[in-house]
Amino acid sequence: MEKEATLLSGDIKKTYVSYLIPTIVGMLTNSVYCIVDVMFVGLCIGAQGLAAFNIAMPVYTIYSSLGLMLGVGGAVTISVLIGKGKKEQVDKVFTLTVLCSALIGIVMSAYGLLFPDAFARMLGASPQLMQGVKDYLQPLHCVALIYILNCTMQVIIRADYNPKLVMVAAVCGNATNILFDWLFVSVFQWGLFGAAAATALGPCVAMSIWIFHYLLKKNTFKFTKHFWDFSLLQRIFKNGVGTFILELSLGCVVIFFNIVLLDVSGQDAVAVFAIISNIAYVGKGIFNGISQAAQPMLSVNYGARKIKRVQATLRTALVCALIFSLGCYLLILIFPQPIIGFFISSSDAGLIGHGVWAARIYFISFVFTAVNTVLMYYFQSVESIKVTTMIALMRGLIFILLGLAVFPKFLGELGVWLTITFAEVATLLITLPIKRKLDKLLASEAVE
């Protein structure tokens, strides 16, 4: 009750920071391990390894999109129910969320292990890169259940008033990945298989830590035998569909970019994109963290119809996202060569120069990405499902496909790198008027 009261009446900035710091630390360590993955593949395997690695990368977004769909959908539903005082339904939502996540993990693991060639071709693997892609995917398919469940539970446990445990689990899991990246790739020389095997160990360690949330009975959401409620299941999926579309589209974007870059510029451009997309993954992970930290406050206060607190929380998250995004782009502008060169052997001077040029253009999008990410989570947190889905589709697929279809024909490779900026700006221009209308509607329902 005390923790719930903090969300409803505590100091907004202080409460937000109490969720933000653990979330950001967890996201940062997650980003560090992604960078280390790219670094070891680039330095120890080379450009062809980077290309195969980038072809395989969408597997993460496939798995995370499923896990986060259920985690975010379940957390939003639970938080709104708490705000409305309907606590008798919370345990049902929690149980449904975890069981669905586990079931989907089992299905994905079985498909990947039984049909490895089909899975690799689905990601866009060429005959030349097929074996490398399959080598990387095999360990990940083995832990699909744990990976997906881990994505779900980190959101649920954060909503269950324990963001610090989520942070500890993420730090330990990612540290394990970094250690075994060095051991498997650099020392044992296991190549792409070793890089993926190291990554597969991370969620296993994280899961072994967050399970203490339940063993030590720190949880307020509990499993129940009487969990079946089709209307609640629909609500979970509806509240999580925006995250699912956006996360899945990130994987699709990698596939689309790889195809276009191979056609326009060749394998070196794909290797450059492997570096850029992983740097971008770091930033986007932080944006997600900034947004996810706000979700419990947004949803609980929306459920209680404390709209002024909802808007104050949103403003706080937007300011954090803008400051971070501007700082990141400034670093890219000032230190592009050291940043790109960190992932590539110094003997590949041409590839470094290629990457510097591409990064300066690509990361113009960051400020707009930051704002759109926070706004999408805002709409999602107040159960504005149609708007959330529309934003996810526009910035994740529709405008990306439009940009890739048009810009490279006139601008060549430059058009590819400008596509993300186009998609984010176009989405923001459509979203802002919708937000103003929703703000007025919510203000009319406020009980304050």
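Quantities reported herein were computed from a predicted structural model and do not represent experimental measurements.
You'll find the side chain of Cys204 reaches within 4.5 Å of the side chain of Val143, heavy atoms only. In this structure the side chain of Leu322 reaches within 4.5 angstrom of the side chain of Val367, judged on heavy atoms. The closest side-chain heavy-atom distance from Leu314 to Lys435 is below 4.5 Å.
The OG1 atom of Thr427 sits 10.5 Å away from atom CG of Leu432, with the distance rounded to the nearest 0.5 Å. With rounding to the nearest 0.5 Å, the separation of CH2 in Trp210 from CG in Leu165 is 10.0 Å. In this structure, CZ in Phe368 is found 9.5 Å from CG in Asn372, a value given to the nearest 0.5 Å.
By the side chain to side chain donor-acceptor pair (under 3.5 Å) test, Gln89 pairs with no residue at all, sequence neighbours left out.
The side-chain contact (heavy atoms from CB on, under 4.5 Å) test with Thr224 singles out one residue from Asp91, Leu96, Val93, and that residue is Asp91.
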Test side-chain contact (heavy atoms from CB on, under 4.5 Å) applied to Phe287 and Val374, step by step: CA-CA 7 Å; Phe287 299 150; Val374 174; 6.0 Å; no
Verdict with reasoning, Arg395 to Ile245, per side-chain contact (heavy atoms from CB on, under 4.5 Å): CA-CA 10 Å; Arg395 63 188 290 239; Ile245 292 171; over 6 Å; no
From CA spacing to verdict: side-chain contact (heavy atoms from CB on, under 4.5 Å), Thr373, Asn288: CA-CA 7 Å; Thr373 301; Asn288 284 334; 3.4 Å; yes
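When atom types are taken as modelled, the side chain of Ser384 and the backbone of Phe379 share no donor-acceptor pair closer than 3.5 angstrom. When atom types are taken as modelled, the side chain of Ser109 and the backbone of Leu145 share no donor-acceptor pair closer than 3.5 angstrom. In this structure, Ser79 contributes its side chain and Val76 its backbone to no donor-acceptor pair below 3.5 Å. Put simply, the side chain of Tyr111 never gets that close to the backbone of Pro116: no donor and acceptor are under 3.5 Å apart.
For the residue pair Glu424/Thr369, the side-chain donor-acceptor check at 3.5 Å is satisfied. For the residue pair Tyr63 and His141, a side-chain donor N or O sits within less than 3.5 Å of a side-chain acceptor on the partner. Side-chain atoms of Tyr377 and Gln292 form a donor-acceptor pair, as typed in the model, at a separation below 3.5 Å.
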